[in-house]
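Position 1 is the first residue of the sequence, and the numbers go up from there.
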Amino acid sequence: HNDGKTLITGRIGEDDRAVDYGYQAARQVGLNIIATLKDQLGDLDRVEKVVKIFGIVNSTNDFQEQHLVVNGCSDVLMEVFGNDIGFHARSAIGTNTLPLGVSVEIEAIVQVKP
């Protein structure tokens, strides 16, 4: 979601959707992950470690820069949580479609304090 109401949609590598478009979409997904953590945990201080993210980029068959798109999420997680907590393993793959036509989907594994 972009503003909580609008989905960021479309295939990266198609029309005017280049790496930066995907990067911004992934960044927004990262912000949504952070908002979900805050909502569910009550306090972001309970996040002990961002363990791994798995980014799936809706992209054309010849697009090969999915890792640069997923940097949008990685960068915002590092900005918010810092190096000790935010540094994480990750994977980035491309696919030809995602539910609702979204541009990026990201799964996060996060270790939390009790």
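Legend: residues meeting salt bridge (charged side-chain N to carboxylate O under 4.0 Å, His left out) with Glu107, ordered by chain and number and at least two apart, are absent. The side-chain contact (heavy atoms from CB on, under 4.5 Å) test applied to Glu65 returns Val19, Phe63, His67, Leu68, not counting sequence neighbours. Tyr21 is linked by a side-chain hydrogen bond (donor to acceptor under 3.5 Å, both in side chains) to nothing, counting only residues two or more places apart in sequence or in another chain. Qualifying side-chain contact (heavy atoms from CB on, under 4.5 Å) partners for Ile56, counting only residues two or more places apart in sequence or in other chains: Phe54, Ile93, Thr95, Leu98, Glu105. The salt bridge (charged side-chain N to carboxylate O under 4.0 Å, His left out) test applied to Asp15 returns Arg17, not counting sequence neighbours. Contacts of Asp20 classified as side-chain hydrogen bond (donor to acceptor under 3.5 Å, both in side chains), with partners at least two apart in sequence or in another chain: none. Every residue two or more places apart in sequence or in another chain that forms a side-chain hydrogen bond (donor to acceptor under 3.5 Å, both in side chains) with Ser59 is listed here: Gln66. For Thr9, the side-chain contact (heavy atoms from CB on, under 4.5 Å) partners at least two apart in sequence or on another chain are Leu7. Shown here are the side-chain contact (heavy atoms from CB on, under 4.5 Å) partners of Lys49, two or more places apart in sequence or in another chain: Val51, Phe87, Gln111. Listed by chain and number, the residues in a side-chain hydrogen bond (donor to acceptor under 3.5 Å, both in side chains) with Asn96 amount to none (sequence neighbours excluded).
In this structure, Val70 is not a member of the same hydrophobic cluster as Tyr23, with clusters built from ILVMFWY side-chain heavy atoms closer than 4.5 Å. Hydrophobic cluster membership differs between Ile109 and Leu31, with clusters built from Ile, Leu, Val, Met, Phe, Trp and Tyr side chains linked at under 4.5 angstrom.
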Which atom pairs, one a donor and one an acceptor, fall under 3.5 Å between side chains of residues 77-86 and the rest of the protein, sequence neighbours left out?
from	atom 1	to	atom 2	distance (Å)
Glu79	OE1	Arg27	NH1	3.4
Glu79	OE1	Arg27	NH2	2.9
Glu79	OE2	Arg27	NH1	3.2

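Nearest approach of Ser103 to Gly10, heavy atoms of both residues: OG-O, 2.7 Å. Of all heavy-atom pairs spanning Val76 and Gly30, the tightest one is CG1-CA, 3.8 Å. The minimum heavy-atom distance between Ile106 and Gly55, with the atom names listed, is CG1-CA, 3.9 Å.
In this structure, OG1 in Thr36 is found 10.0 Å from CG in Leu41, a value given to the nearest 0.5 Å. Note that CD1 of Ile8 is 5.5 Å distant from CD of Gln28, once rounded to the nearest 0.5 Å.
Between the side chain of Asn58 and the backbone N or O of Val104 there is no donor-acceptor pair closer than 3.5 Å. Remark: the backbone N or O of His88 is not paired with any side-chain donor or acceptor of Lys52 at under 3.5 angstrom.
Around CG of Asp43, the count of heavy atoms belonging to other residues, nucleotides or ligands within 6.0 Å exceeds 12.
Screening residues 86-96 for salt bridge (Lys or Arg N to Asp or Glu O under 4.0 Å), with sequence neighbours left out, gives no hits.
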Open item on the list: Under the criterion side-chain contact (heavy atoms from CB on, under 4.5 Å), I'd like the reasoning laid out for Ile12 against Thr60: C-alpha separation, chi angles, the key distance, then a yes or no.
Closed with: CA-CA 6 Å; Ile12 309 302; Thr60 59; over 6 Å; no
